[in-house]
There are 2 protein chains.
Amino acid sequence: MARTQGSHSDITGPRIRSAALRLFAQHGYAAVSMRQIAKEVGVQAGALYNYTPDKQSLLHSLMDRHMRELLAAWQVEAGDGDALSQLERFVRFHIRFHMQRPDAVFIAYMELRNLTEENFAAIETLRRAYEYALEAVLKQGVASGQFTIPDTKIATLAVIAMLNGVMTWYRSGGRLSLEEVESVYWDMVRKSVTA
Amino acid sequence: MARTQGSHSDITGPRIRSAALRLFAQHGYAAVSMRQIAKEVGVQAGALYNYTPDKQSLLHSLMDRHMRELLAAWQVEAGDGDALSQLERFVRFHIRFHMQRPDAVFIAYMELRNLTEENFAAIETLRRAYEYALEAVLKQGVASGQFTIPDTKIATLAVIAMLNGVMTWYRSGGRLSLEEVESVYWDMVRKSVTA
DNA sequence: ACGATAACTGAACATTTGTTCAGAAAAAAG
DNA sequence: CTTTTTTCTGAACAAATGTTCAGTTATCGT
């Protein structure tokens, strides 16, 4: 009978993914070789090809999973309420979620240019879906009169860019707790979209 | 007698720099070979080594020049006036300056990890100097009571991150003129730092 | 214990990499 | 024109690249 599952594959597989994630984030996709990844896992380079058809697919797979987890997590977090409280929830969620996966975040927007055309398009679709989740909140706030925004598309991108900035400098154990950082950013975002 | 200058070096040199800039921005430092750069210039790979001791120095040199031009340009643009008008000048300057050099901007913060330790430290110093130019304005505004900011360091980084977001989506000839984009961002920044 | 299959090794492959260098070509200086 | 110096070629180098695959090893179901 066919084996239902391999003996090590459910261990080696994730280890490969996490090694690749770390290395891609640290040195960049193009600068990391399959042999480096393999070494980190404690395996020969050839063994990687039991888990990915090629290097490109490995990158795409990492980005794809990250984006899907992001969307799913927001789906869970998003609730009802007025635009202001929804925006606050988004801001705090975004910072918290992304701070938990700095490597995946880094890759997901630094390595876009290393994707093939088709893979790029696929990731881009997911990214836009996430952006639209925020834009929907902003639009709702404009409709209800709670927000004053000249252009919701620009505001969406501006807010996300601002929040993403946290990742470039925040290190846990620093001067501020994550909770405090969330509040500071929420304060700035709130003011920037209200009159 | 020693020649004062080479005959072609003042042509080939800049061409190498601009080809490298374009290619690094498009595909990433690690993904671009010296032969690709040479081909773009119409020269053999070996010839590049008359203009740079190695690939790493070429990258560092591009980033270094960009940062110095940025600082110099702001030095010229920065004037006196109250904090609010200085902040507006900064916002508009930042957007305008960076939109004129998308490739250099891209490289300057995407390829940091591909610098050697020493080169990284050097660029980092310049970047911090620029950040401090903005922070000085924010501090002045807090002192004068014009701004309400819980933490000027975070606000500095948040504002710059927000402004940098423009580069990821704005394309000239789009829906909005650069002037309009400047105004939208200035509006958001102004509100985010005032009460 | 035995046979089947999954997981991995280790070597090989064709390319490509950054860099060097002797010598040719070109241009300026005298 | 002749000499000197700059600029570039073209080939060469060792090392590293992604990927393949026949064969070994380990683990499972029976």
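Here is how names work: the chains are called A, B, and so on, in the same order as the sequence lines, proteins then strands, and each is numbered from 1.
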With respect to the phosphate group of C:dT17, does any side-chain polar atom (N or O) of B:Ser33 fall under 4.0 Å of OP1 or OP2? yes

Validation: residues 21-29 of chain B side-chain donor-acceptor distances under 3.5 Å, sequence neighbours left out:
residue, atom, partner, partner atom, Å
B:Arg22, NE, B:Glu40, OE2, 3.0
B:Arg22, NH2, B:Glu40, OE1, 3.3
B:Arg22, NH2, B:Glu40, OE2, 2.5
B:Tyr29, OH, B:Gln56, N, 3.2

Just how far, in rounded Å, is C1' of D:dT19 from CD1 of A:Ile37? 13 Å

Pick out the pairs of N or O atoms, protein on one side and nucleotides 11-14 of chain C on the other, that lie under 3.5 Å.
residue, atom, partner, partner atom, Å
C:dA12, N6, A:Arg35, NH2, 3.4

Rounded to whole angstroms, how far apart are CG on A:Leu48 and P on C:dC8? 10 Å

Over how many whole Å does the gap from B:Ile11 atom CD1 to D:dT6 atom C1' extend? 14 Å

Rounded to the nearest Å, what distance is computed from the CZ atom of residue A:Arg15 to the P atom of nucleotide C:dA7? 15 Å

Do B:Tyr51 side-chain atoms and B:Ile16 backbone N/O form a donor-acceptor pair below 3.5 Å? no

Interatomic distance, A:Lys39 NZ vs D:dT17 C1' [rounded to whole Å]: 16 Å

Taken in chain and number order and not counting sequence neighbours, the residues that satisfy side chain to side chain contact (heavy atoms under 4.5 Å, CB included) with A:Val137 are A:Gln86, A:Leu87

Residues of residues 16-32 of chain B with any non-hydrogen atom less than 4.0 angstrom from an atom of DNA chain D: list those, numerically ordered, please. none

Scan residues 121-141 of chain B for pairs that pass ring-ring contact (aromatic ring centres under 6.0 Å, His included), counting only residues two or more places apart or in two chains. B:Phe90-B:Tyr130, B:His94-B:Tyr130

Can you name the residues that form a side chain to side chain donor-acceptor pair (under 3.5 Å) with A:Thr116, not counting sequence neighbours? A:Asn119

Under 4.0 Å between a side-chain N/O of B:Gln44 and OP1 or OP2 of D:dC8, yes or no? no

Nearest whole Å is fine: how far is C:dC21 C1' from B:Asn50 CG? 12 Å

Should B:Thr12 be listed as having a side-chain N or O under 4.0 Å from OP1 or OP2 of D:dC8? yes

A:Asp54 CG to D:dT20 P, straight-line distance once rounded to whole Å: 8 Å

For residues 44-53 of chain A, which residue pairs pass the salt bridge (Lys or Arg N to Asp or Glu O under 4.0 Å) check, not counting sequence neighbours? none

Using the side-chain heavy atoms of A:Tyr49, tell me which of these nucleotides is nearest: C:dT19, C:dT9, D:dT20. D:dT20

Going by atom types alone, do A:Ser61 and A:Arg17 pair a side-chain donor with an acceptor below 3.5 Å? yes

Kindly point out which of C:dT19, D:dC8, C:dT17 is positioned nearest to the side chain of B:Tyr51? D:dC8

For residues 147-158 of chain B, which side-chain donor-acceptor pairs fall under 3.5 Å, sequence neighbours excluded?
residue, atom, partner, partner atom, Å
B:Asp151, OD1, B:Lys153, N, 3.0
B:Asp151, OD1, B:Ile154, N, 3.1
B:Asp151, OD2, A:Arg175, NH1, 2.7
B:Asp151, OD2, A:Arg175, NH2, 3.2
B:Thr152, OG1, B:Glu135, OE2, 3.1
B:Thr156, OG1, B:Thr152, O, 2.6

Nearest-Å distance, NZ (B:Lys55) to C1' (C:dT16)? 12 Å

Distance-only donor-acceptor pairs under 3.5 Å for side chains of residues 73-83 of chain B, two or more places apart:
residue, atom, partner, partner atom, Å
B:Asp82, OD1, B:Ser85, N, 3.3
B:Asp82, OD1, B:Ser85, OG, 2.8

